[in-house]
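All of these numbers come straight from a predicted model, not from anything done at the bench. When a ligand or atom number is given, it counts from 1 through the structure's own listing order.
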Amino acid sequence: MSFLSATLSRVKPSPTIAVTNKARELREAGRDVIGLGAGEPDFDTPDNIKAAAVRAIEAGHTKYTAVDGIPELKQAICTKLRRDNGLDYVPAQVSVGTGGKQILYNALMATLNPGDEVVIPAPYWVSYPDMVLLAGGEPVVAETSIQTGFKLTADQLDAAITPKTKWFIFNSPSNPTGAGYSREELKELTDVLMRHPHVWVMTDDMYEHLSYDGFEFVTPAQVEPGLYDRTLTCNGVSKAYAMTGWRIGYAAGPEPLIAAMRKIQSQSTSNPCSVSQWAAVEALNGPQDFLPANNAVFKRRRDLVVSMLSQIDGIECPTPEGAFYVYPSIAGLIGKTSPKGTVISDDEVFATALLDEANVAVVFGAAFGLSPNFRVSYATSDTALTEACRRIQSFCAALT
Ligand SMILES: Cc1ncc(COP(=O)(O)O)c(C=O)c1O
């Protein structure tokens, strides 16, 4: 329809949200569907954070705030970046937005001109390429492989960079693979970036606190201080603090970039929710002891899912370092036929057949830019996970 913008035709709706909605619709229609599509913790927001929000309402913090965040939250973010990441920022270098999503979007809107390229390792979080397209830039996808644990190599990064590259988007631990880069692995990438001074780094540290087996989280400006002046360190409270609905994300970086992002936000949404900002102050400044407790649960679930999926002939399921996703390959199932006659020609057909024939909702790998795979979110109960994996086992065993 010509009324709609040409930009809109460059992007697609979020496939992860589509899968979650479809699973919900089927459940509402009475089908016994287990949803492994959603990218959010099933834990409730901790009580101390909720109480801080109630106090904020009672204290009348219900009005507009500074466009990109209250001073108390910006200070809490600076304290967190020093405490957890060894990075020094002042509040003027910090931007707070309505979720990590808005922060990344603001940064791309504030910096991309037509033809500017953004290097995105695949598999990627579904929104990166579409946000780049919305902002008028060109996504340049650099495919990783299961052999390197879905991690980009130095050579691959080097090959993807051109004179037009503006940003490199980095995400560790990753959505959708859970892959986390060690200090040594990340240093290999930052060494490449040091040789390309025109490339800026947008690091999405959203899953920083969700990692297992003693994995040490590191972020680019920490591993290579020489990148500090061209790195935007993005993070948020959604995943670690089970606050997806509160919509608070943030970034720290060079002041002129932060000012440009503020300008975009001032003409679009203005400040993020005042009450949520006070809740985020408590999340960052308050007790952090529930994090290891939650991680112990996630690790148990990861091990359960990896073990049950690895028993399936034709599926290869690596054990990731973090986040709450696994990204198994179905290369060994391509070409087989389901009992209802569906030929598994690719991962989208696999995911659709799994939902139709086995009542399990997962997201197909093509949505994340690397096939043939599917993403399982294990942020759900052990009982649901066990039953879902049992159904996937039976579905795959029945393929001929
Ligand atoms: C890698 C990654 N970055 C950013 C986000 C966005 O987080 P938020 O809910 O704070 O907008 C998500 C959410 O799924 C994510 O997985």
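- Inspection of the Gln265 and Asp68 side chains reveals no N or O donor paired with an N or O acceptor under 3.5 Å.
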Please test Glu188 against Arg183 for salt bridge (charged side-chain N to carboxylate O under 4.0 Å, His left out), starting from the C-alpha separation and ending with a verdict.
CA-CA 9 Å; Glu188 287 182 17; Arg183 184 178 287 271; over 6 Å; no
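- Every protein residue with a heavy atom nearer than 4.0 Å to ligand 1 is included here: Gly99, Gly100, Lys101, Trp125, Tyr128, Asn171, Asn175, Asp204, Met206, Tyr207, Ser238, Lys239, Arg247.
- A search for side chain to side chain contact (heavy atoms under 4.5 Å, CB included) contacts involving Lys187 returns Thr190, Asp191, Val223, Glu224, not counting sequence neighbours.
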Side chains of residues 121-130: which donor-acceptor pairs under 3.5 Å do they make with residues two or more places apart or in other chains?
{"unit_1": "Tyr128", "atom_1": "OH", "unit_2": "Asp204", "atom_2": "OD2", "d": "2.6"}
{"unit_1": "Asp130", "atom_1": "OD1", "unit_2": "Lys12", "atom_2": "N", "d": "3.0"}
{"unit_1": "Asp130", "atom_1": "OD2", "unit_2": "Lys12", "atom_2": "NZ", "d": "2.6"}

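- In this view, Asp229 satisfies the salt bridge (Lys or Arg N to Asp or Glu O under 4.0 Å) rule with no residue, not counting sequence neighbours.
- Under the 4.0 Å criterion applied to side-chain N and carboxylate O atoms, Lys151 and Glu321 are assigned as salt-bridge partners.
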